[in-house]
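What follows is a single structure, written as structure tokens, with notes after it.
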Amino acid sequence: MTAAPHTFRIAAIPADGVGKEVVAAGRAVLDALAETSKASATPFAFAWEEFPWGCDFYERTGKMIDDDGLERLKDFDAIYFGAVGWPTVPDHVSLWGLRLKICQNFDQWANVRPVHFLPGVQSPLRKADDTELDWVVVRENSEGEYAGLGGRNLSARGHGGEVAVQSALFTEVGCERIMRFAFDLARTRAHKKVSSVTKSNAQQYGMVLWDDVFKRVAADYPDVETESVLVDAMSAKFVLRPEDLSVVVASNLNADILSDLGSALAGSLGLAASANLNPERRFPSMFEPVHGSAPDIAGQGLANPIGAVGSAALMLEHFGLPDQAARLNKAIEATTGAGILTRDVGGTATTDDVVKALIDALDG
């Protein structure tokens, strides 16, 4: 007798631009994957509910999300997010009004961004041609430079007289929990190493606290190799010695920048997946591609869905389905390895072409 499938309730927020296209693509691939699970010992299914929030919603209502939006989201198993931002809405309004509003209120403090070099995708790094490269950027996702503390004042002085203060917030609790997350992740990898990134030579309070906590936490993981590297030196290391990396842990801003650099080195931001995790599972976690809303290609069927599908694989891992996540990642590798590539990685395939290839690879 076939077991009844476990149904995961997913809130889909396509939001803006190509976010709409890649969320639709990811949903199609996930539903196809779920269909293949029906004959297995652990069948599963997805119940989707889509929300219209984003810049279009803002232009109609003056809000990026409904007033009760967080309350409506909190009981879902996960959130599947597209991309936020549009030229007609200031970026700080769209980001803080939707994505960061969800991340901060749901305490999604661990942002995981793998850097994968896929077959068939040309990297700008010559070293990638003959060297095994694979690392993960772990980003502190709740405080640091994106804490949102500060303000603007003295505008009454007139043009040129206004003052803005933007304060970064570093807490011992925030530093320690993201570092322990990084060390625990490193223990699951072949190369058990954590690289901590700061700018503590110039930022002598918050980032020296980060360094001090890293030394203390590292003492509890004697089996894991460690290093502390300034962010400018780490930027160079991403290019010159990427084979030395395994898990890179950094503050909100530094990890944001470094993870985009890593994705560019892998071939395109369109390939990059991410997970915004609430590891304690008090709130739903959110899974999204790293790329933005790409207004220049939105609605043309040109968007690369690989980042969104890779994010779906991270969601499956979060659900305790590592074998299904591996199937999805193998389908990604089979698709890019067969040369079915969108324009951003040198191909001519459409979004739908890649979706079809991914689904076909699941059946293969």
Side-chain angles (χ1 to χ4, degrees), residues 14 16-29 32 82-83 85 113-137 235-243 245 256-274 287-314 326-364:
D16 303 317
V18 297
K20 296 179 174 67
E21 297 164 72
V22 299
V23 164
R27 287 179 59 171
V29 176
R113 296 187 171 189
V115 179
H116 287 316
F117 289 73
L118 292 169
V121 176
Q122 183 68 48
S123 165
L125 277 180
R126 285 180 296 176
K127 188 172 284 189
D129 294 339
D130 53 18
T131 306
E132 186 72 24
L133 300 176
D134 179 64
W135 69 90
V136 181
V137 177
S235 299
K237 189 168 188 173
F238 265 45
V239 176
L240 300 176
R241 294 185 57 202
E243 69 278 10
L245 302 171
D256 191 6
I257 295 169
L258 287 172
S259 59
D260 276 12
L261 174 59
S263 301
L265 293 174
S268 170
L269 263 66
L271 304 170
S274 78
F287 302 85
E288 60 171 330
V290 169
H291 63 71
S293 57
D296 58 321
I297 62 167
Q300 300 176 45
L302 302 174
N304 190 339
I306 294 294
V309 176
S311 301
L314 293 174
R327 287 186 64 201
L328 212 48
N329 284 322
K330 286 178 182 176
I332 290 172
E333 293 183 359
T335 298
T336 62
I340 304 169
L341 306 170
T342 46
R343 191 174 68 177
D344 59 306
V345 281
T348 59
T350 65
T351 308
D352 288 344
D353 292 336
V354 176
V355 170
K356 182 181 184 305
L358 288 165
I359 293 173
D360 289 345
L362 291 175
D363 296 331

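All residue numbers refer to positions in the sequence shown, counting from 1. Note that the coordinates shown come from a computational prediction; the quantities given were computed from them, not determined experimentally.
- The number of heavy atoms from other shown groups lying within 6.0 Å of CZ (Arg327) is above 12.
- A donor-acceptor pair under 3.5 Å is formed between the side chain of Ser293 and the backbone N or O of Gly85.
- The structure places CG of Leu125 at 11.0 Å from CZ of Phe238, a figure rounded to the nearest 0.5 Å.
- Inter-residue side-chain proximity for Pro242 and Leu265 is flagged as unmet; no heavy-atom pair is nearer than 4.5 Å.
- Glu333 places no side-chain N or O within 3.5 Å of a backbone atom of Pro119 that could act as its donor or acceptor partner.
- In this structure, Ser311 contributes its side chain and Phe287 its backbone to no donor-acceptor pair below 3.5 Å.
- With rounding to the nearest 0.5 Å, the separation of CD in Glu21 from CD1 in Ile297 is 7.0 Å.
- With hydrogens and angles disregarded, no donor-acceptor distance shorter than 3.5 Å links the side chain of Ser263 to the backbone of Leu269.
- Heavy-atom contacts from other residues, nucleotides or ligands closer than 6.0 Å to NZ of Lys237 number more than 12.
- Scanning for side-chain contact (heavy atoms from CB on, under 4.5 Å) contacts around Asp352 gives Thr350, with sequence neighbours left out.
- Rounding to the nearest 0.5 Å gives a distance of 7.5 Å between OG1 of Thr348 and CG of Asp353.
- Between Leu271 and Ile332, every side-chain heavy-atom pair lies at or beyond the 4.5 Å cut-off.
- The side-chain heavy atoms of Leu328 and Leu362, taken from C-beta on, include a pair separated by under 4.5 Å.
- The environment of NZ in Lys330 is sparse: at most 12 heavy-atom neighbours from other residues, nucleotides or ligands sit within 6.0 Å.
- A 4.5 Å side-chain heavy-atom check between His291 and Val18 finds at least one atom pair inside the cut-off.
- Considering all non-hydrogen atoms of both residues, Ala266 and Val121 come closest at O-CG1, 3.6 Å.
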Please test Val136 against Arg113 for side-chain contact (heavy atoms from CB on, under 4.5 Å), starting from the C-alpha separation and ending with a verdict. CA-CA 6 Å; Val136 181; Arg113 296 187 171 189; 6.0 Å; no
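- Across all their heavy atoms, Val22 and Pro289 have their closest contact at CG2-CG, 4.2 Å.
- In plain terms, the two heavy atoms of Ala361 and Thr335 that are nearest each other are CB-OG1, 4.4 Å.
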In sequence, state the C-alpha distance, the side-chain angles, and the governing distance for Val29 and Ile359, and then conclude on side-chain contact (heavy atoms from CB on, under 4.5 Å). CA-CA 6 Å; Val29 176; Ile359 293 173; 4.2 Å; yes
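- The two atoms that bring Asp260 and Val290 nearest to each other are OD1-CG1, 3.2 Å, heavy atoms only.
- A donor-acceptor contact shorter than 3.5 Å is absent between the side chain of Gln122 and the backbone of Val345.
- To the nearest 0.5 Å, atom CG of residue Leu341 and atom OG1 of residue Thr336 are 6.5 Å apart.
- Under the 30°/60° scheme for interplanar angles, the aromatic rings of Phe117 and Trp135 are found to be tilted.
- The shortest distance between side-chain heavy atoms of Leu133 and Glu243 falls below 4.5 Å.
- Nearest heavy atoms, Leu314 versus Ala273: CD1-CB, 4.0 Å.
- At least one donor-acceptor pair under 3.5 Å links the side chain of Ser259 to the backbone N or O of Asp256.
- The two atoms that bring Gly270 and Asp344 nearest to each other are CA-OD2, 3.9 Å, heavy atoms only.
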